[in-house]
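See below for the structure under consideration.
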Amino acid sequence: MKNDTPNPLLAAAAPAGDRAADTLVPITVAHGDGIGPEIMEATLKVLMAAGARIAPETIEIGEKLYHAGHSSGIAPESWDSLRRTKVFLKSPITTPSGGGYKSLNVTIRKTLGLYANVRPCVSYSPFVATKHPKLDLVIVRENEEDLYAGIEHRQTDEVFQCLKLITRPGCEKIVRYAFEYARANGRRKVTCMSKDNIMKMTDGLFHQVFDEIRVDYPEIATDHMIIDIGAARLATRPEQFDVIVTPNLYGDIISDIAAEMTGSVGLAGSANIGEHVAMFEAIHGSAPDIAGKGIANPSGLLLGAVMMLVHIRQPEVAAKIHNAWLCTLEDGVFTADLQSQGKPQTQRGIPMPFGSMDFADAIIERLGRLPAQFKPVSYQNAPLPKTPAAAKPLYVRAPAAKKALVGVDVFVHQSALSADDLAVQLKASNTAALQLQMITNRGVKVWPGGFPETFCTDHWRCRFVAATPAGEIAQRDIVALLGTLTEAGVDVIKTENLCTFDGVKGFALGQGQ
Ligand code: NAD
């Protein structure tokens, strides 16, 4: 473990309110699905034994609710509890596969504005076997946007679409949060990972905002990596990383990788931080393959709960639990997920591995002890969560740009014609204001000057641009074009307006254009 920085398990923003030291803090608790109830029972047992001053309110979420007809996985009255307590300790839930069900995790994060998913991953070598004993990093994952917007459509017989939404407020909030977190926790470097060599506008914005904001934190080193090489480096040289900030999907993937590299995905907790509410959980899922066996590792949820205790201003209880947990690892106590690492069958005569509740009892036995080999954890100087009034706004809306409408992409479903024949048909629908400029298929230009080798689906993006040199059109010109296309029997799926913002194109070229 890093010896010269405070422990990473801190939530740096979001209010918990000022609460007197001896009052019980109401928190909302959900026991979840699969291994959820087992690890929650173990976690709450440790919290109570350690003297956590909490008053849990239990809500039901997940499979039961889905099957009771709540397609969101949560009953309306449960939102009341979450909005009242503003603190949520949540076990993993199972999202039923197939259509008709939305992921409740994503719904909760987005509905409550939990924009920052903070996922510390730390190796506990030599007590937990790992190929990466120096791994000690924090992944700050954007939590509300990207492909997780969940806006998906089937557009043609052959083509399905998922919208990737990246916004300036989203980027600014998460990037600023990552730097604030690094500063508050003595972290020295923030690495941005994106795929802006391909997604120049969406991931490009993320990278651009990172470059804009990093200048406000001159004491913190920065770098940017394309996510593919970044993930590869993370898997081979994790000690090069400190804080990583990245969009939602990449963050989801690399945090599972990083947690697994520490020895088990069952070891990592996470905080989902918003301006009003915060949610704490393990990073892993409901592990249906081991559910009901009592063998799950409760550590991820417990470390999530430790982050929660810091957030609700009970740093001494958080440290007591964290130190007892470290002592448990030092004493060689382990759960089944860590067994495949050449561990002994017994430890001081006690059969191993421990089940979830026995592991919790082992932690409870060690409450009050400090680890001998790991650096003892203290949260006394942990930065307290700021109240909304005290916190610097993470996003301030800029004045609107001058926007000009210069064309339209018309998406068309058709399987009978070649690109050249489709172009002939579409050009017949040109209006005085708009004329066909280009056709792409899956983003590659196929007209004019397409290649016969290019495979084409039944989904065509047909770009119409302003016919006049001034280049600007009106919405009614698009309506008129759609009228002529419809009369010509063209199956229009959707349109995207082509705009400039302060004279800068707000749309990408076709591949090969
Ligand atoms: P998973 O994380 O549940 O399990 C992956 C593997 O890790 C399994 O082999 C499992 O046994 C093991 N594992 C996970 N946690 C463990 C623990 N605490 N102790 C020991 N072993 C552990 O991932 P999955 O199987 O892909 O997903 C199962 C379900 O969980 C899916 O329905 C998925 O949607 C859901 N899920 C929920 C959350 C959440 O609620 N936050 C997160 C991820 C996945």
Side-chain angles (χ1 to χ4, degrees), residues 9 22-62 81 85 87-93 124 264 266-271 279-284 286-287 290-312 314-338 347 350-371 377 379:
L9 299 176
D22 52 354
T23 54
L24 297 184
V25 177
I27 63 165
T28 303
V29 167
H31 291 250
D33 300 319
I35 59 171
E38 302 158 44
I39 58 174
M40 183 59 83
E41 195 189 340
T43 296
L44 287 177
K45 189 172 183 190
V46 176
L47 259 61
M48 292 313 185
R53 300 180 297 284
I54 53 171
E57 287 182 19
T58 302
I59 60 169
E60 283 277 7
I61 56 169
S81 171
T85 67
V87 182
F88 189 17
L89 181 62
K90 178 187 145 294
S91 265
I93 57 156
Y124 301 98
S264 167
L267 288 172
S270 81
M279 174 171 86
F280 302 86
E281 58 183 343
I283 76 157
H284 58 75
S286 57
I290 55 167
K293 298 183 179 166
I295 59 170
N297 188 343
S299 300
L301 185 61
L302 186 70
L303 292 181
V306 166
M307 295 166 93
M308 177 192 77
L309 290 169
V310 177
H311 179 82
I312 62 172
Q314 299 186 15
E316 72 296 347
V317 191
K320 190 173 174 187
I321 294 172
H322 201 157
N323 284 322
W325 180 76
L326 290 170
C327 290
T328 309
L329 295 186
E330 282 185 352
D331 287 348
V333 177
F334 58 89
T335 44
D337 53 320
L338 304 174
Q347 192 71 26
I350 303 168
M352 290 283 159
F354 272 27
S356 317
M357 288 312 285
D358 290 341
F359 190 74
D361 288 336
I363 299 168
I364 290 168
E365 275 170 29
R366 291 163 177 80
L367 287 169
R369 267 179 52 187
L370 293 179
V377 171
Y379 292 111

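A 4.5 Å side-chain heavy-atom check between Leu370 and Cys327 finds every atom pair outside the cut-off. Put simply, the side chain of Ser299 reaches to within 4.5 Å of the side chain of Leu267, judged on heavy atoms. Using a 4.5 Å heavy-atom cutoff, the side chains of His31 and Ile39 are not in contact. For the pair Ile27 and Phe88, the minimum side-chain heavy-atom distance is 4.5 Å or more. When side chains are defined from C-beta on, Ile54 counts as touching Met48, because their heavy atoms get closer than 4.5 Å. Using a 4.5 Å cut-off on side-chain heavy atoms (C-beta onward), Val333 and Arg366 make contact. By the 4.5 Å heavy-atom criterion applied to side chains, Met279 and Val87 are not counted as neighbours. The shortest distance between side-chain heavy atoms of Ile364 and Lys45 falls below 4.5 Å.
Ring geometry for Trp325 versus Tyr124: interplanar angle over 60°, hence perpendicular rather than tilted (30 to 60°).
Contact detail for Ile321 and Ala50: the closest heavy-atom pair is CG1-CB, 3.4 Å. Listed here is the closest heavy atom pair of Ser270 and Ala282: OG-O, 4.4 Å. When all heavy atoms of Pro92 and Ser286 are compared, the closest pair comes out as CB-N, 3.6 Å. Contact between Ala52 and Leu309 at its shortest, heavy atoms only, is CB-CD2, 3.9 Å. Between Pro298 and Thr43, the shortest heavy-atom contact is O-OG1, 3.9 Å.
We find the CD1-CD1 distance between Ile290 and Ile35 to be 5.0 Å, quoted to the nearest 0.5 Å. Taking CG of Leu301 as the reference point, atom CD of Glu41 lies at 12.0 Å (rounded to 0.5 Å). In this structure, OH in Tyr379 is found 4.5 Å from NE2 in His322, a value given to the nearest 0.5 Å. Taking CD1 of Ile312 as the reference point, atom CG of Leu24 lies at 9.5 Å (rounded to 0.5 Å). Between Leu47 atom CG and Met40 atom CE the span is 9.5 Å, to the nearest 0.5 Å.
Of the charged side-chain nitrogens involved, at least one lies within less than 4.0 Å of a carboxylate oxygen, so that Arg369 and Asp331 count as a salt-bridged pair. The existence of a salt bridge linking Arg53 and Glu316 is confirmed by a sub-4.0 Å separation between a basic side-chain nitrogen and an acidic carboxylate oxygen.
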Side chain to side chain contact (heavy atoms under 4.5 Å, CB included) between Val46 and Leu302, intermediate numbers included:
CA-CA 8 Å; Val46 176; Leu302 186 70; 3.9 Å; yes
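Under the side-chain contact (heavy atoms from CB on, under 4.5 Å) test applied with Lys90, the options Val29, Ile59, Ile61 reduce to a single match, Ile61. Under the side-chain hydrogen bond (donor to acceptor under 3.5 Å, both in side chains) rule, Ser264 has a single partner from Thr335, Asp337, Asn297, which is Asp337.
Put simply, the side chain of Asp358 never gets that close to the backbone of Phe354: no donor and acceptor are under 3.5 Å apart. Distance alone, capped at 3.5 Å, places no donor-acceptor pair between the Glu281 side chain and the Leu89 backbone. The backbone N or O of Ala296 sits less than 3.5 Å from a side-chain atom of Ser356, completing a donor-acceptor pair.
Inspection of the Glu57 and Ser81 side chains reveals an N or O donor paired with an N or O acceptor under 3.5 Å.
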